[in-house]
Amino acid sequence: MKKVFLSTFYDINSFSLPLILNSIFNLLISIVLTSIIGRISVGAIVSTEIIDTLNYAILGIAGVGTLIFNIESSKVRLVNEKDFFDWFKSCYLINGSIGLIIITAIFLFAKDVFYFIYEIKNQELDIICKYAYIASFSIFANMLIFSLSNLLKVNKKTKYILFAGITGSILQVALAYFMVNKVLEGNYKLLGVSISSTFTVFFQLIIYLYILRKEIQTTFSIKSSRKKELILKSIPLMLQEVLEGSVFSVLIITLIARLGENVISSYSISMRIVSLCLLPMYMYCNSLTVLVGEYQSKKEYLKMKILPITTIVTTISVYVIISVLSYIYKENLIGTLTNINSVQEGTIQMLKTVLLFSVFQILFENSKYVLQSIGKSKEALKTTVVINSLASIILIALNIYNLLDLKIVLGILALNYLILSVFFLGEYLKEVRKYSVL
């Protein structure tokens with residue numbers, strides 16, 4: 001048992017550590033960028049939080065095809081090279097097409113969304129719309145990067161992702177500093193951050209295309225026959241992301257935004273710190289999508305059982321260490337992110353609460369990924385519909401009767417995550433037991 005655990009732990013970390021190092025570096029760069037934004041205005045902080053949340057939701061929903069690619073290609077990678085490249089080609093063709101559709105939709109509908117839903121007007125509306133238009137091109141590039149980087153992940157060549165991340169991030173900070181301090185003025189300085197981010201994503205895309213040039217050339221002679229299957233298998237995952245990343249997460253941000261500009265700006269700074277603490281989580285979740293399929297193809301069912309427990313314990317351990325250090329040095333850390341006194345004070349007051357409730361997301365993400373990795377995305381979707389709907393109804397009702405505050409919002413969100421985690425993990429372990437009996 002100990003030998004199996006150590007072997008599983010090694011597999012997870014050999015896959016994840018380069019990605020974690022890349023994320024650490026990217027997060028440090030993000031802190032620098034947040035520091036630049038936090039010195040422009042409160043409106044700049046609010047605008048970036050809204051755009052980043054929406055972009056995260058869009059990418060999460062649109063990029064689920066790459067998760068299916070991870071799951072399916074990891075099963076055939078060692079036994080059928082042609083089938084493997086068929087999945088890869090289908091993935092990047094679909095992702096590129098979706099990216100172009102997203103650009104068109106943002107240019108058509110962004111202004112109405114920001115005006116009617118977020119009630120942004122005048123110069124702030126003009127700035128946030130231009131920010132969104134520029135950022136839309138980065139979504140297209142990211143969709144292609146999803147396909148390319150996931151090929152590296154499935155082939156366990158994550159060190160190249162680290163290289164692209166480091167070089168791109170250095171370029172992004174240098175360009176953002178130049179645009180904000182030397183080119184643009186007033187609140188329009190915010191656009192410098194969007195320009196630098198978009199330029200950097202395309203720079204990273206070029207790096208990936210060069211690194212994977214041989215693999216891409218291989219796909220030219222292979223017919224893409226998995227597009228329909230990939231789309232059909234992605235639908236439950238896409239609906240899941242719509243519920244979490246779009247309907248639910250955007251609802252949370254909208255409700256917090258209505259608690260006041262200072263609350264949402266302080267929450268935004270707090271979530272930058274939480275992002276630091278949650279940094280390893282998505283890297284370990286990525287390892288789940290590859291290793292579950294690999295262990296299943298090798299019939300290593302004990303490793304399948306141990307896998308999510310190992311990633312959960314490891315991620316929570318790192319989260320606790322980083323969050324404690326972040327809270328001890330909160331004044332210095334927050335002062336690095338913004339020099340606006342009201343935002344600093346608000347962040348200091350709410351940071352402990354945000355850190356405490358955010359730990360439940362670790363349980364949720366790990367359990368969701370393993371359940372989806374064994375083909376149980378429909379079961380995950382059905383449960384998410386029920387639980388998220390109940391949570392949304394409660395939140396909206398409390399808002400209507402003016403009973404909502406930040407602690408209540410975060411508490412309901414944490415409970416929502418916990419309930420879903422228990423179900424997902426239980427269903428996964430039950431399914432693995434079935435495999436071991438067969």
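Here the structure is a predicted model, which means the values were calculated and not measured. This chain uses plain numbering: 1 for the first residue, then up along the sequence.
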Distance-only polar pair, side chains of Thr347 and Ser270, donor-acceptor under 3.5 Å: no
Polar side-chain atom of Tyr319 near backbone of Leu355 as donor-acceptor pair, under 3.5 Å: yes
All pairs passing salt bridge (charged side-chain N to carboxylate O under 4.0 Å, His left out) where residues 414-428 contributes a residue, at least two apart: Glu427-Lys430
Those residues that, when tested against Tyr131, pass side-chain hydrogen bond (donor to acceptor under 3.5 Å, both in side chains) (two or more places apart): none
Point-to-point distance, once rounded to the nearest 0.5 Å, from OG of Ser169 to CD of Gln204: 6.0 Å
Phe107, CZ atom: more than 12 neighbouring heavy atoms under 6.0 Å: yes
List, one per line, each side-chain donor-acceptor pair under 3.5 Å for residues 400-418, sequence neighbours excluded.
| from | atom 1 | to | atom 2 | distance (Å) |
| --- | --- | --- | --- | --- |
| Asp405 | OD1 | Lys407 | N | 3.2 |
| Asp405 | OD1 | Ile408 | N | 2.9 |
| Asn416 | ND2 | Asn388 | OD1 | 3.0 |

Any donor-acceptor N/O pair, Ser266 side chain to Val263 backbone, under 3.5 Å: no
Test side chain to side chain contact (heavy atoms under 4.5 Å, CB included) applied to Phe137 and Phe202, step by step: CA-CA 9 Å; Phe137 292 97; Phe202 275 93; 4.0 Å; yes
Donor-acceptor contact below 3.5 Å, side chain Ser367 vs main chain Phe364: yes
Residue pair Met281 / Asn366: nearest heavy atoms and the distance that separates them: CG-ND2, 4.2 Å
Approximate separation, where rounding is to 0.5 Å, of Phe360 CZ and Leu420 CG: 13.0 Å
Phe140 vs Ile102, side chain to side chain contact (heavy atoms under 4.5 Å, CB included): CA-CA, chis, key distance, verdict: CA-CA 7 Å; Phe140 167 73; Ile102 290 171; over 6 Å; no
Least distance between heavy atoms, Ile120 atom then Tyr115 atom: O-CD1, 3.5 Å
Criterion side-chain contact (heavy atoms from CB on, under 4.5 Å) against Ile362, the qualifying member of Thr314, Thr311, Thr315: Thr315
More than 12 heavy atoms of other groups within 6.0 Å of Phe85 CZ: yes
4.5 Å side-chain heavy-atom contact, Leu363 and Leu425: no
Trace of the side chain to side chain contact (heavy atoms under 4.5 Å, CB included) decision for Leu205 with Asn142: CA-CA 8 Å; Leu205 176 60; Asn142 268 315; over 6 Å; no
Ser194 side chain vs Leu190 backbone, donor-acceptor pair below 3.5 Å: no
Between CG on residue Asn399 and CD1 on residue Ile396, distance to nearest 0.5 Å: 8.0 Å
Side-chain touch Ile374/Leu371, heavy atoms, less than 4.5 angstrom: yes
Atom of Leu276, atom of Ser326 and distance for their closest heavy-atom approach: CD2-OG, 4.0 Å
Candidate pair Arg433 and Lys305, rule side chain to side chain contact (heavy atoms under 4.5 Å, CB included), full reasoning: CA-CA 8 Å; Arg433 283 194 291 271; Lys305 289 180 181 179; 4.0 Å; yes
Nearest-0.5 Å distance, OG of residue Ser392 to CD1 of residue Ile387: 11.0 Å
Val343 to Asn262 - nearest heavy-atom pair and separation: N-OD1, 3.7 Å
CG-CD distance between Leu333 and Gln344, expressed to the nearest 0.5 angstrom: 11.0 Å
Donor-acceptor pair, side chain of Tyr428 and main chain of Met304, under 3.5 angstrom: yes
Residues that Phe114 engages under ring pair (Phe, Tyr, Trp, His ring centres under 6.0 Å), provided they are two or more places apart: none
Partners passing side-chain contact (heavy atoms from CB on, under 4.5 Å) against Phe203 (at least two apart in sequence or in another chain): Thr167, Leu171, Ile207
Under 3.5 Å: donor-acceptor pair, side chain of Thr198, backbone of Ile134: yes
Side chains of Ile103 and Ile139 in contact at under 4.5 Å (non-hydrogen atoms): no
Of all pairs that satisfy salt bridge (charged side-chain N to carboxylate O under 4.0 Å, His left out), the ones with a partner from residues 374-384, not counting sequence neighbours: Lys376-Glu379, Lys376-Glu431
Non-hydrogen atoms of Gly96 and Leu144 that approach each other most closely: CA-CD2, 3.6 Å
Atom pair NZ/NZ of Lys227 and Lys89 - distance to nearest 0.5 Å: 7.5 Å
Backbone N/O of Ala380 and side chain of Thr383: donor-acceptor pair under 3.5 Å: no
Within-4.5 Å side-chain heavy-atom neighbours: Cys129 and Tyr133: yes
Heavy-atom check, side chain of Tyr267 versus side chain of Leu351, under 4.5 Å: no
Main-chain N/O of Ile264 paired to Ser268 side chain as donor or acceptor, under 3.5 Å: no
Nearest heavy atoms of Ala132 and Ile51, plus distance in Å: CB-CD1, 3.8 Å
Main-chain N/O of Val385 paired to Ser389 side chain as donor or acceptor, under 3.5 Å: yes
